[in-house]
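Reading through the structure tokens given below for one structure.
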Number of protein chains: 2
Amino acid sequence: MYTLEQLRMLVDVADTGSFSACARKLGKAQSAVSQGIANLEVDLDLQLFDRSTRIPTLTPDGHRILDMARAVLVQATQLDIGARSIHKGDEAHIRLVVDDALLLPQLGNTLDRFGKAYPATRLELVTSASPDVAEMIAKGQADLGIFFTPIAFDDSTDVCFIGNLPFVAVCHPSHPLAKRTEIAAHDLFQHRQLLIRGLQGQAVEMLNLVSAQAWWTNSFQGLLHMCQQGLGWTYLPDHMAAPLIAAGQLHQMQVSFDHKPWSPPVELVYRKHKVMGPALSWLKEELKTLL
Amino acid sequence: MYTLEQLRMLVDVADTGSFSACARKLGKAQSAVSQGIANLEVDLDLQLFDRSTRIPTLTPDGHRILDMARAVLVQATQLDIGARSIHKGDEAHIRLVVDDALLLPQLGNTLDRFGKAYPATRLELVTSASPDVAEMIAKGQADLGIFFTPIAFDDSTDVCFIGNLPFVAVCHPSHPLAKRTEIAAHDLFQHRQLLIRGLQGQAVEMLNLVSAQAWWTNSFQGLLHMCQQGLGWTYLPDHMAAPLIAAGQLHQMQVSFDHKPWSPPVELVYRKHKVMGPALSWLKEELKTLL
DNA sequence: CACCTTTCATAAGCAAAACAGATGGTATCT
DNA sequence: AGATACCATCTGTTTTGCTTATGAAAGGTG
């Protein structure tokens, strides 16, 4: 049966075009490579190299085997990296919960870099409403959360301010409020507002009730859907609303009583006194610069 | 450095839950497995199994390594399969050209089975207009073709009838012809027809000009696009048109002068006297039952 | 054209690794 | 308590992979 070392020889000879060069690179005698390749050829019952030319060239069969050998070695390298990662103490698994309004493009970027830095750590990304994010962290169901404060949460968690996310007030273009150029508080009051709250009914104080009538959902995606169906007006994060406003699918309302941009605070949350491994610490520090 | 054999032991012990069972399975002494795992643990500097229990159980670290070991062995198995495949004489590469109207669901099915039967043979699927299919085969730029006959082609190729593909006449729902319930030849004559021809201008005799005016494209996808833009009427294969007709995005025309379903012949094409390896022969035979 | 260098294959000897077999300790089941 | 199945460890043997040495063939160079 062939060995991993023989496969390494194969790719190395193919890359360098020389048995001797391969031997030098792997720190072995030239004859070791010669025998290694020969044994591999016997094992596979295929001729991999044509030795009649000046430099050994891959046969067509050899070329096909080479591709497969590379695939084996890639996995073996992954195993090595994984073993080193375990040895460093990297966590096996991290669960990150974010409010779905915070699924920003930058987040994908951060997670991408995370994957490169901690290849053996599996990441689970969960989305829920901010109050539920807090609850999952408090119950230890997730390691790290990103959510909107202030919300009610107990003292088993620590939070860390990381920035503000701008919101805009929107409604469907056919909504009565879309016809108004200047909107006062009592105008909003007369129309149904769409709001977020957690599964247990906990609301985010900052995103609170303005209207007399309200419908609820537990995700911004749900909010967006209802708003696009013309069921009411709502506040949406700018990054979600902007492309739809530009495409004419949503109407941005000019609200006179808060003409300054309205940006609720975003915070990281994690269990107090939790011992964090390298991967979790890295992710926490990186997420502080998300906004 | 660890070996493939040690990785096999790891997964086998994890699967059977026993060093002894693994030894029996691999045809070795129990002590060999015991030492093999021990060596692997030394190499990775990780404890993989907890031996304090009745049956050896994977440690959390062991579990993570196990997943990676499996990945390595999957690739190694692929290499074995590939080597056997090469040994059988399977081709390294097959290029199949089909008229894009013949991208049937069944074709995907056939190719899927091909992949399972000939895992080491790479398949390239090219689409072009029927006249170009014939030309590619004649020039030896592809191994096997499926296209509509009759078209002009030289005697360097063989063809083999495999069935008929039903066509329907369609136009955009807002097209003038969509309002007519019964359409005669001279009605069609007055409206622009959308037609297929190859890059060198070769048309398929069967799919020929009926109207006074015609626009051309070299793919049925192009035909469909132009038709959906309301640029004219055309014949489309039933399987492409049916879902769009059902969705109201296309209108099926009732043409009085050919009320029998109109189904041009479909044929396989390949170079005369070409020596076919097992994979190509298999594919040729399977494609004969495509329709 | 002779000479030199580089390349690979092969043979022989050696050291390390893998292995089978035997032994002993331990947990589980009857 | 006895039987059984399991694993670790030890010992001696076999196998494998390696190095060194040598020869043949192919380019390159004066």
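Atoms considered below: every heavy atom in the structure, side chains included; atoms not considered: hydrogens, waters and symmetry mates. Model, not experiment: these values are computed from the prediction. In what follows, every chain begins at residue 1, and chains take the letters A, B, ... in the order their sequences are listed.
Of the residues in residues 1-17 of chain B, not one places a heavy atom less than 4.0 Å from an atom of DNA chain D.
Not a single salt bridge (Lys or Arg N to Asp or Glu O under 4.0 Å) links D61(B) to another residue, sequence neighbours left out. Residues meeting the salt bridge (Lys or Arg N to Asp or Glu O under 4.0 Å) test with R197(A), sequence neighbours left out: none.
For the pair K28(B) NZ and dA17(C) C1', the computed distance is 12 Å after rounding to whole Å. If you measure from atom CZ of F19(B) to atom P of dA27(C), you get 16 Å, rounded to the nearest angstrom. Nucleotide dA11(C) holds its C1' atom 13 Å from the CD atom of Q30(A), rounded to whole Å. Taking atom CD1 on I55(B) and atom C1' on dA27(C), their separation rounds to 12 Å, with Å as the unit. When the P atom of dA18(C) is taken as reference, atom CD1 of I37(B) falls 13 Å away, rounded to whole Å.
Look at E267(B) and K288(B) and you find no salt bridge, because none of the NZ, NE, NH1 or NH2 atoms lies under 4.0 Å from a carboxylate O. For D80(A) and R84(A), the salt-bridge test fails: no basic side-chain N is under 4.0 Å from an acidic carboxylate O. The existence of a salt bridge linking E91(B) and R64(A) is excluded, since no basic side-chain nitrogen approaches an acidic carboxylate oxygen closer than 4.0 Å. Using a cut-off of 4.0 Å between Lys/Arg side-chain N and Asp/Glu carboxylate O, D143(B) and K274(B) are scored as salt-bridged.
Residue T53(A) is classed as having no contact, given no heavy-atom separation below 4.0 Å to the nucleic acid. Nucleic acid contact class of A32(A) (heavy atoms, under 4.0 Å, all strands): base. Within the 4.0 angstrom heavy-atom criterion, only backbone atoms of the sugar-phosphate kind lie near S20(A); the bases stay farther away.
For the 3.5 Å distance criterion, the side chains of D90(B) and S85(B) qualify, holding a donor opposite an acceptor. Judged purely by distance below 3.5 Å, without hydrogens or angles, the side chains of D50(A) and T59(A) never pair a donor atom with an acceptor atom.
Of the two residues contacting DNA chain D, namely G27(A) and S52(A), the nearest-nucleotide position lying further toward the 5' end is that of G27(A).
Sorted by first and then second residue, the pairs that involve residues 33-46 of chain B and meet salt bridge (charged side-chain N to carboxylate O under 4.0 Å, His left out), not counting sequence neighbours, are E41(B)-R51(B).
Pairing each heavy atom of A14(B) with each of L58(B), the nearest pair is CB-CD1, 3.9 Å.
Within the structure, every side-chain polar atom (N or O) of S31(B) is placed at least 4.0 Å from both OP1 and OP2 of dC19(C). Between R54(A) and dT6(C) there is no side-chain N or O to OP1 or OP2 distance below 4.0 Å.
Looking at R8(A), K25(A), R70(A) one by one, the single match for salt bridge (charged side-chain N to carboxylate O under 4.0 Å, His left out) with D15(A) turns out to be R70(A).
From the 5' end on, the contacts that DNA chain D makes with chain B at under 4.0 Å to a non-hydrogen atom open and close at dA5(D) to dC10(D).
In the helix from dC1(C)-dG30(D) to dT30(C)-dA1(D), the rotation axis of the first five pairs and that of the last five pairs differ in direction by 30°, rounded to 10 degrees.
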